[in-house]
**Student:** 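Dropping a structure here in structure tokens format, bear with me for questions.
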Amino acid sequence: MASAAKKILEEHLTRGTLGQGKEIAIKIDQTLTQDATGTMACLQFESMNIPKVKTELSVSYVDHNTLQNGFMNADDHKYLQTVAAKYGIKFSRPGNGICHQVHAERFAFPGKTLLGSDSHTPTSGGVGMIAIGAGGLDVAVAMAGGPFHLKTPKILGVKLSGRLSPGVSAKDVILEVLRQIDVKGGVGKIIEYFGDGVKTLSVPERATITNMGAETGATTSIFPSDDVTKEFLKKQGREKDYVEIPAGTDEDFDEVVEINLSKLEPLVAKPHSPGKVAKVKDLKDLKVDQVCIGSCTNSSLKDLETVAAILDGKVVNQNVSLTISPGSRQVLEMLSESGALKKLLKAGARILECACGPCIGMGQSPPSKGVSVRTFNRNFEGRSGTKDAEIYLVSPETAAATALTGKLTDPREIDIPEIKLPKSFTIDDSMIIEPAEDGSKVEVVKGPNIKEVPVGKELEDKITGIVLLKVGDNITTDHIMPAGAKILPLRSNIPEISKHVFEQVDENFYKRAIENSGGFVVGGENYGQGSSREHAALAPMHLGVKAVIAKSFARIHKANLINFGILPLEFSDPKDYEKMGVGDEIVIDGLKTSLTSSSNEMTIKARGKEFKLKHDFDSRQKRVLLDGGLLNHTKKTAVKTDGNCFMQ
Ligand code: MIC
Ligand code: SF4
């Protein structure tokens, strides 16, 4: 027997053989894009001149940039809708919900592969599929029929036993995983859940766990597909999509960690990292200004029905602003049918659109130095839109209890009523627009906010420049390319968005990069953790950043840097990190020879001294870098016979 993950990977291999660390390519059955990354991905797809997507299913969601303060987001939505109609992509309209929630409800398919231009794509792993987050360009290539390349990950088995106690929920399970392995512990691994405890968790609970597995840096997370999955698909009117994918057993995994669900307690991730996990009861007097419930992690029907039951007949503490963003229109509709919506309204909750909303700083920024308790998955500094706010991540039960008391509260201190979920879900796909029968007749509409896709230049043999910035460990893509209501609307305008690169870390970065015609960035461990936003590579490329030299990199960001022709290089001796500083002149010579050789080391000069750097580029990545990025490389290598044959 094999683990569920290995079985699916094996069935989708188009190149290579599974072997830890070996480069493989897999066929992608489904793709998803969202509006903040999708506009660029679709522009890139268009530039490949392929008449129609080659996947079994591609869906374009609008859920991030829903605050239409000016024409920009609306322009992007219109563009996305017309591109979807033209190229065979289903279009989930704004208001229909958060991509991951809707995808899990309506499209996730056990045993298939999904590539999404959003780091929380693994949410659909809760339905037993391999669902991976990637940069938009990788997703565009998959839409065009190209495979997805990755190094064979290790499989980390998480063995669940027991059953959750009242007041403890799926969010506490993933917070426990984060407590054990932290924000780097999943890098190069797929996390697969197995053991007796699995069957006690519903699909939305599993999806909460696979969703936030992204915060460990894992390639993806997956649950087996079993009777619970079948029941979920049946409720979604999709029983025919059910395929059994059995769980692996102890010996199928490279490593195993164990969690006894019965022993878990409510947990919280403290500012400013999802890995800083503590017990809720140990922080119980923390005064709270805001509680936000929702996001792709915790906005299922069960989550919000539970919140409504806790709030029923009570009113939110007068010092707390409570927001609720349902994950999908299906969830909102069912909350309204069951009467839960009324309970939430009567309790004083501020009901927001079915979208990402506050999770990505699209409104509802907390007050200065405010404490905000959220059911989300990320609490990076500044991500909420308020630089000095403190964000704590908790379960819906803890969030609801906290909203009532005004202090971080262990939900076991209050009465948690039992909730009953309906036997079937309300199904209404009328906000998902089917593509046109004949795409050639559809005109793609591009408003003035949509600018050309920047393309990299072929790699030069010698690159020189100064260190523009030196940062520490765990720098997130939110540090590199901030999001939020002001900057997100610029996602399809690279020259404009580039002005904001690293602005939270050093407000002079842009000026320095322009004055020096680019240069280098020096980073610590896990550089680029967090999102899949390729803008964190695209915008630095636009500013002339040539290489990032770090102790280690997060998976998606490293792939994005390569895709845009920026060299991600690692210190051979991590102590050398201390010896490089801002302003140091760097010279990397003989790059072409180095990247065409089999060596994975190179010597560079900084401040006139020699330093050894290493990398683990395989031959494909070396060619991508030499060609100046994946777009150039794809155009060069796509065999134009039927427009979809990519070099493997
Ligand atoms: C996030 O949660 O950080 C985002 C916003 O969903 C990103 C995608 C983006 O930056 O557009 C992600 O997780 O990949
Ligand atoms: Fe949206 Fe937040 Fe989920 Fe990202 S993490 S997809 S911003 S809800």
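Small disclaimer: the values here were computed from a predicted structure and weren't measured. FYI, side chains are in, hydrogens and waters are out, and symmetry mates aren't considered; it's all heavy atoms of this structure. Whatever order the structure lists ligands and atoms in, that order sets their numbers, starting from 1.
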**Student:** Evaluate the ring planes of Phe502 and Tyr527, with Trp represented by its six-membered ring, and classify them as parallel (under 30°), tilted (30 to 60°) or perpendicular (over 60°).
**Tutor:**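 If you compare the ring of Phe502 with that of Tyr527, the planes turn out tilted.
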**Student:** Check each atom of ligand 2 against the heavy atoms of Asn377 and keep those under 4.0 Å away; list them by number with element.
**Tutor:**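 Ligand 2 atoms under the 4.0 Å threshold to Asn377: 5 (S).
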**Student:** Which protein N, O or S atoms does atom 1 (Fe) of ligand 2 have within a distance shorter than 2.8 Å?
**Tutor:**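 Cys356 SG, with waters left out.
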**Student:** Do Asp118 and Gln34 get their side chains close enough for a donor-acceptor pair, meaning under 3.5 Å?
**Tutor:**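 The criterion, which ignores hydrogens and geometry beyond distance, is satisfied for Gln34 and Asp118.
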**Student:** Indicate whether any N or O donor in one side chain lies under 3.5 Å from an N or O acceptor in the other, for Thr476 and His479.
**Tutor:**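 Distance-only check passes for Thr476 and His479.
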**Student:** Kindly write out the residues that satisfy salt bridge (Lys or Arg N to Asp or Glu O under 4.0 Å) with Glu205, not counting sequence neighbours, or none if the list is empty.
**Tutor:**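 Counting only residues at least two positions away or on another chain, Glu205 forms a salt bridge (Lys or Arg N to Asp or Glu O under 4.0 Å) with Lys302.
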**Student:** With a 4.0 Å heavy-atom cut-off, what residues sit around ligand 1?
**Tutor:**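 Residue list for ligand 1: Gln34, Ala36, Thr37, His64, Asp118, Ser119, His120, Ile360, Arg378, Arg383, Arg491, Ser531, Ser532, Arg533.
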**Student:** How about Asp75 and Asn449: does a side-chain donor come under 3.5 Å of a side-chain acceptor?
**Tutor:**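 Judged by distance alone, the side chains do not pair up.
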**Student:** So with a 6.0 Å cut-off around NZ of Lys78, is the heavy-atom count from everything else above 12?
**Tutor:**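 Counting other residues, nucleotides and ligands, NZ of Lys78 stays at 12 neighbours or fewer.
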**Student:** Is there a side-chain contact between Phe425 and Leu301 in this structure, where contact means two heavy atoms from C-beta onward sitting under 4.5 Å apart?
**Tutor:**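 Yes, their side chains come closer than 4.5 Å.
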**Student:** Could you list the residues that satisfy salt bridge (Lys or Arg N to Asp or Glu O under 4.0 Å) with Arg491, not counting sequence neighbours?
**Tutor:**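 By the salt bridge (Lys or Arg N to Asp or Glu O under 4.0 Å) rule, Arg491 matches no residue at all.
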**Student:** Could you walk me through whether Gln101 and Tyr61 pass the side-chain hydrogen bond (donor to acceptor under 3.5 Å, both in side chains) check?
**Tutor:** CA-CA 11 Å; Gln101 173 73 23; Tyr61 293 91; over 6 Å; no
**Student:** Can you see whether Thr297 engages Asn377 through a side-chain donor-acceptor pair at a distance of less than 3.5 angstrom?
**Tutor:**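 Yes, side-chain donor-acceptor contact under 3.5 Å.
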